[in-house]
Amino acid sequence: MGFEPIKILYALGTIFIIFNVGMLIQGIVRKIGARVGKRYGIRFYQPYIDLIKNYVMRSNVTHGVMFYLGPVFRLTGGLGVFLFIPIIYGSQYFSNFAFAGDVVLVLYFIFFGSLGMALGAGEGGHPYSAIGVSRGLAQVTAAEIALVIAVIGVGIQYDTLSITEMVAAQQGGIANWTMVTNPLLTILAMLAFLGAMGRSPFDVVLAPQEIPIGPPTEYHSTFLGIMQTNRSIFPMAKTILFVNLFFGGATNWIVLILKIFIVYMWSVVVGVVFPRFRVDHSIRWWYKYALPLGIIAIIVTTLIAG
Amino acid sequence: MVKKLFSLIILALLVIMLLPLMTDFAPFAELSRVAEKYVQKGPAEVGGQNLVTSVIVTYRGLDTLGEIAVLFIATAGIGFLLGKSSGKHKRSEASQLVNTGTAFLLPIILLFGVFIFLHGHLTPGGGFQGGVVIASGILLFVLANADSQISSNLLHWIEDLSGAFYVIIGLLGLILAGGFLDNSILPLGQFGKLISAGAIPLIYTLIGLKVGAELVGILNNMQRSQ
Amino acid sequence: MLLTIILGIILIVLGLWGMLSQKNIIKIIIGFSIMDTGIHLLILSIGYIKDRTAPIMNQAVQSAGQVIDPVPSALVLTAIVIGLAITALMLTYAVKLYEIKGSLEISDFKELKW
Amino acid sequence: MVSPIYIFIIALGIGFLLSLFDKAGRAVAMTIFYGALLAMAFISGQWLLHLLQGAEAEIITTAGFQPPFSINLKMGLLEAFFTFLINTLGFLAGIYLLPKFKSQKIYGMILFLMLIMGLNGLVMTGDMFNLFVFLEITSIATVSIIAIEKNLKSISAGFKYVIAGGIASAFYLIATIFLYRFTGVLNIAMMAETLNVASSQAVFLSVFILMIAVIVELKPFPANGWALDAYEAVDSGVVAVIASGTSAAMLFVFYKISPLLNNTLLLTAAGIGLATFTFSNLLALKQKNAKRLLGYSSIGQIGLIITAYALLVRAGYARNSEIVMLTTGGLFINHFLAKAGLFWLSGVVEKEKLEEWSTLRNNPILLFAFAVFVIALVGLPPFPGFFAKWQLVMTFANQGLFFWIGLILLGSFLEAIYLFRWLGKVLKSDLKAELKAKISQIFPILIYLLAILIGGGYLSRLINQGTSLSILYLPVLFIVFLFFIDFLPVAIKNTLVILVGSYYTYLIIPQLSGYRVMLGVIFLAGGVLLFIPGYFKRGKRTGFYPLAVMMYVGLAGLLISENTLQFFTSWELMTLGSYFLIIRGKKSEPHALSYMLFSIGGAFVMLFGFGILYYVNGNSMALSSLGNIESMAGIIYALLGIAFLTKMASIGLHIWLPGAYGEAEADVSPMLSAILSKAGMFGLLMLMAAIQTANLGSINLPYVLGWLGAITVFIGNLLAIYQEDAKRLLAYSSVGNLGYILFGLALMSHMGWLTSITYALNHFLFKALLFLAIGGVVYRVKTKNMYEMGGLIKKMPLSFVSVLIGIIALSGVPPLSGFAGKWLTYNAVLEKGWYLQGVIVIIGGLIAFLYCFRLIYAVFLGQLKDKHRQVKEAPVWFLIPQVILIGAIMLFSTYPAFILGPVGKMLNDILPENALIWENLDAYSIYGHWNGFLIMMITGGIFVIVFLWLYFLNRKAQKVKQFNIVYAAERPSRPELTHVGYNFFAHYKKALGSLSQPYVTKFWNTMADIFHSSAGFIRRIYTGDGQTYILHIIIFIVVVYFLTIGG
């Protein structure tokens, strides 16, 4: 497993597929959200329209170099995370660039985009950006507690940090999935997933209905387009990570997309049911509930792993 | 009151502490090793009839020199401490009795003092005692003559030169005889006579002068400062 | 001689009591003198041997067995002179203290503490 | 040879005649007076030389009779040494007092001469009663000369002194006469031969009274109020003689009577000494008057010397054996010179309050002297007290006297508190007054300054027991040289230091092996690199270079140390140098103090550990023996561990760090954080290597350290996010990062250590980078508060890039080098099975993102303040090393194999399993893999593509003005209101509640309060009432007696 030029093409291919999956899921989810709220909602292809509109807008305003590069960092982060995760089990080419590192790489690369974005927003000079970043970072780091514990738990259980090997260990039917063999850890992981997705109840960061708060405030047109592109890839990447770690991965695209949809739906369902946390509430929530749960899960996992 | 009671308790404990010195103590029955030698050989070695004097001036001469130094330091210290005289002040005239007594007694007292330090090696007494007697005579003189001023210049000369000569005699001992303050720089002479015991009478004379001068000096200083 | 030793110690303790109980500096110095005297008495008592005479080797003394130890006698002379010097110095200090502050109470001189 | 008796002949003869000479003119008298002092010094000096060449001791008999029949004097080596000290002190003190002697009555000179003669007599006489006479000469002369100042304080102090002295000598006299009764002689040596202390109660009591009388003269606690008053009130020139000269003579008297003492009494003396040492130093904590403080310190030092001497003699060492001389002699000479010097300085300063001594800053030489004396008193190298204390602890440990060591170290620590507090105040508090120093005052001080410097070097040669300290001589000489050329401008000195440093690095690095190479590179090459910013300073930068070099010399010394003495000396040199670097900051006085106290405390703990090591290892000082300790290994390791943890600022011991790093100068902070903090790591590495091979039994020290490390990471990083001050933020971040290092080491596995070293290397790179960049910013904007900055990216873009690279490396986000550490952490945690600790460590690492963002955002992004519109980029001298560091980070990030591969091999000596396998650029562990090169390339590739994509779409983006933002239909105009920087993570604090409270600081503050209030309470016994002091003496005597016979 090393680098071959042909892998770049495969990488572009997987990016294309997952981008569209992401766009569609976004549209569908918004539609579902609206219906739950007794509204009609948007068309499911609305995200495509928004994206195109943003990319073609020609109002070009920048606040400086970092502001300009912010979205670049953001998308690089999203793409990077995606490309460092093996997508289809058994397929060398659809494992993309996973040869460069293991789950730890993915875990830390998640921050690459966020930090870059935060920097860009910071240079925008809008006070709300700073507040949004402050909240966002604080909540992400708190939510990450559960994720880290979950990853370590999986690492303990399968005695590896390589995602491919983790998936390999779950092959041979649903009984071998982490979901079944280690349910407590999976519960924790799914909580972490909620946090990672930034949906309600952990969506105070973006707070769309209120005053325009959060990092995207100053971004518009092409910048926003890049960020929207990222929004359809990055969540997918994270979802694939969870699929790989806890739900047996996937050996072909159909299974993958199905699993992505189901796992993604989990955050949507929770999102529409639970109201938003204030940021200090959510931080406390992660420390107060997720952390103890994680500790228990780790202990249980240690017992399971023997 | 509490403090006094506390002091009492502490002193009681001190007495308890010191008890062994009384209960566990046996007085000398024989002369100590050192004293035995002094008594046996002292008259021959030092030539003084009065062994105490022999011990003071010769055997433990350094103590005596130190003692003179102590007195000297005290005098200097008092002079240093009291600083300048606080001006003249009137003292009431002494009575007739004192005046007459002084006129009568002073020569005798002074003579007696000289006698004591000259005979220090023969009979009880010595430089210190003689010096004190002289000083008491001068005190009497001062009491009688309220206006009198003792010449501090003269005192200084006596005090300093006698001290210096004492050291020089000691030094001569080091050069001419067995060691510092050895009295045998002068012939020991005939045992029991006035001119005997080597340098002891000389030393005692110097000590007598110095002690006398110093005590007078102290009195003078105190008197002046009031 | 045991009796004088006891007496000496009594004097020492009495002197100390004087130093501890009297507030007047002059009286404290007197206490010191009493203590000093007690020590001198002790020194003399140590040299004393029963039924012997002073160590002056005149015709009256026939043998070494007849005299007391001359050493303590010599020492006490030195001690007395030194005691005198100290007492004189203390008194001078008393004079000086009175001159500066006009008081002879020892508890009035607490400028320095802690 | 001139007979020693001439000392007395000259003193007395001239003393008696001096007032006559005075009649011929004061000049005549003064010439003769100084001539006499010089002659006395000369006589003792020539005897000292003579006896040093191995001559026999001279017994001087008086009156032509042999002892015990007459009084004898002795001039042996020790007597010669002591009289030489006293007479030279006499001469110098005489010079110091010259203006007073000139203007006052002639008695002053007479009394002074008599005092010196009395001290000579105390040393030389061999007769117990003669000793009494000299005691009185000394005492009366002292009391008289106190009146050189005729104010109320002096006089009342003098009166208390004379009363107390009178009582002490009264007891002495009682003892003397009774001992004469029991032995029949007055010669001390013969008395000791014939006396059987245990023969009767009266004999025992007599010896006890003798001892206690001598001890009362040595001012034991609590019977020493009279002495303290005298120290406070008496003229400086005189009190120097009392504190040094009289103490010297009285100590010698104690030495002389010590053959009379049996073991019980020696123990009593040692106990009194120790109590005096501990309590004096405790009470001094509350002291604000400089001279009284010195008094407390003097009394304490004397107590320590008594304890050392009594215990060593009790343990069976001969009274004049080499060990006893080295320890007590070293302590004594240290005290003697330093205390005289300090008291003399007090006369120059003429100020009572400690902080008013800052006037010394007007005269750099005197300031230097002051610092040297204070440091010498604390017992730091290269001064005699250090070596003596080392030898003392080793010897005590050899005897198993651990309880005593503990209390001595406690007392020393208390002493260090007030002395360094004072030093700090002198160095930092406001300058208010001029300093008028007369040449007659400076001359003696300089002589003693020179003497104490030479003394330290001399003692270091004596003490080494076959293990040479010579590795440090050349570097220390270079430091001295730097002091001499301190008048040169910065550029020359900086260049010199960089050149010499490079050469030294080149010399040292090849001599190192194993993990030492890694640290050698950080310490030395890093050190040279961080001198580059120094060029930005103008002027002389007085004192910076010698002390900075001292720190590096210490660091280098640690690496090449082979035995505990070398290690400890280097450690202390490093501490001392770094203290002076820290205190250079504008507001760093309290922080430098707290740094010093933690360091000294840690060093004393280390000393204790080395002492026990010396004991269990059969008097071997080899560092290599750490690995095979027969017994008490747990305690040794724990003690050494605590010592290293203080330097590592592990949680609980970290409170000194934020202030110290934060308030230091711009180019000092990176030195401290990037380099100095690794000293603790080096110690721990060494310790862990030893633990690896040792059998610890039931104590699992690494486990404890592992938890400590994990909590340190968490708390350090958590506290960092709340800081408003940029440098403090970085400082707290250092605490957290040192926690990783500790955690990695505690894992005790190859992977763990590799993690640790990776963190260390990385921390060195990015923290130096960050501190330099932020230092440059702070230098330009003149504030450290981040909320007062903002938008500086436009003014200082290069600094921004540095910070950006720095925080990415710090936070561990790929592709930069920090990720290597994170990846290794996961692997090491899984391998070891320390999951819970691992989780805490990793969560701590996540929190780091918060402060990283805040640092770069609040400083460089957001709104530019109006007052910063003219700010320029940081000085180029700051940027050069930043560029080098960025290059190093990039190299390390892209080719980690080139560095971590060799490091892994270095560790193979200690931990053979090679946990990380390198295949070209791929790193494999049993769990996973990672390729730094590919990550860098892929990330770079994606980034470039996305950027080109954006640029293609958005070529003509126009830059808008600062306030052109979407702001709810408002147009903000004040950057202060628009820049969100203050209390940035308030919600985190609110969420975590009590976890964010500074409990540790509260704990240490409470400890300090307890010490200070108990000191304040106890010192009330010194009421100032002379009568109370008399009572104290009597209580002291009685209580000690009953304790002695009872225990």
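Predicted model, so just to flag it, every value in this text is computed and none were measured. Numbered from 1 within each chain, the chains take letters A, B, ... in sequence-line order.
- Only the side chain of A:Leu107 comes within less than 4.5 Å of a heavy atom in chain D; its backbone stays farther off.
- Among D:Ile847, D:Ile793, D:Thr825, D:Leu921, the residue with the largest count of heavy-atom pairs under 4.5 Å with chain A is D:Ile793.
- Using modelled atom types and a 3.5 Å distance limit, the side chains of D:His929 and A:Ser162 yield no donor-acceptor pair.
- Shown are A:Leu241, A:Leu185, A:Val104, A:Val103; of these, the side-chain contact (heavy atoms from CB on, under 4.5 Å) with A:Val151 is made only by A:Val103.
- Using a distance-only test at 3.5 Å, with no hydrogens or angles considered, no donor-acceptor pair links the side chain of A:Glu165 to the main chain of A:Leu161.
- If you measure heavy-atom distances from A:Ile298 to chain D, the contacts under 4.5 Å come from the side chain alone.
- The closest side-chain donor-acceptor pair between A:Ser221 and A:Tyr55, if any, does not fall under 3.5 angstrom.
- Of the possible donor and acceptor atoms, one in the side chain of A:Thr14 sits under 3.5 Å from a partner among the backbone N and O of A:Tyr10.
- Both the backbone and the side chain of A:Phe112 come within less than 4.5 Å of a heavy atom in chain D.
- Within residues 72-82 of chain A, the residues having any heavy atom under 4.5 Å from a heavy atom of chain D are, by residue number, A:Val72, A:Phe73, A:Leu75, A:Thr76, A:Leu79, A:Gly80.
- Under the 3.5 Å distance criterion, the side-chain polar atoms of D:Lys795 are left unmatched by any main-chain donor or acceptor of D:Glu873.
- No hydrogens or angles considered: nothing links the side chains of D:Thr978 and D:Gln863 as a donor-acceptor pair under 3.5 Å.
- Here the side chain of D:Ser733 pairs no donor or acceptor atom with the backbone of D:Leu729 at under 3.5 angstrom.
- The two residues A:Tyr219 and A:Phe67 have their closest heavy-atom pair at OH-O, 2.8 Å.
- When the heavy atoms of residues 826-836 of chain D are compared with those of chain A, the residues falling under 4.5 Å are D:Tyr826, D:Asn827, D:Leu830, D:Tyr835, D:Leu836, listed by number.
- With D:Phe952 as the aromatic partner, D:Arg955 meets the cation-pi criteria of under 6.0 angstrom to the ring centre and within 45 degrees of the ring axis.
- No donor-acceptor pair under 3.5 Å is formed between the side chain of A:Asn96 and the backbone N or O of A:Ala98.
- For D:Lys989, no part sits under 4.5 Å from any heavy atom of chain A, backbone or side chain.
- For D:Phe800, the part lying under 4.5 angstrom from a heavy atom of chain A is the side chain only.
- Chain A forms the most heavy-atom pairs under 4.5 Å with one residue out of D:Val839, D:Leu864, D:Ile945, and that residue is D:Val839.
- D:Phe943 touches chain A through backbone and side chain together, each having a heavy atom under 4.5 Å away.
- Heavy-atom minimum distance, A:Ile156 versus A:Thr302: CG2-CA, 4.4 Å.
- Along residues 802-814 of chain D, the residues that come nearer than 4.5 angstrom to chain A, judged on non-hydrogen atoms, are D:Leu804, D:Ser811, D:Gly812, D:Val813, D:Pro814 in order of number.
- For residues 848-856 of chain D, a heavy-atom distance under 4.5 Å to chain A picks out D:Phe849, D:Leu850, D:Phe853, D:Ile856, given by residue number.
- Per-residue heavy-atom pair counts under 4.5 Å with chain A were compared for D:Gly932, D:Gly862, D:Pro975, and the maximum is reached by D:Gly862.
- For the set D:Val960, D:Ile842, D:Asn931, the entry with the most heavy-atom pairs within less than 4.5 Å of chain A is D:Val960.
- Nearest heavy atom pair, residue A:Pro86 against residue A:Thr164, reads CG-OG1, 3.6 Å.
- Side-chain contact check for D:Tyr787 and D:Lys865: no donor-acceptor pair (N or O, by modelled atom type) lies under 3.5 Å.
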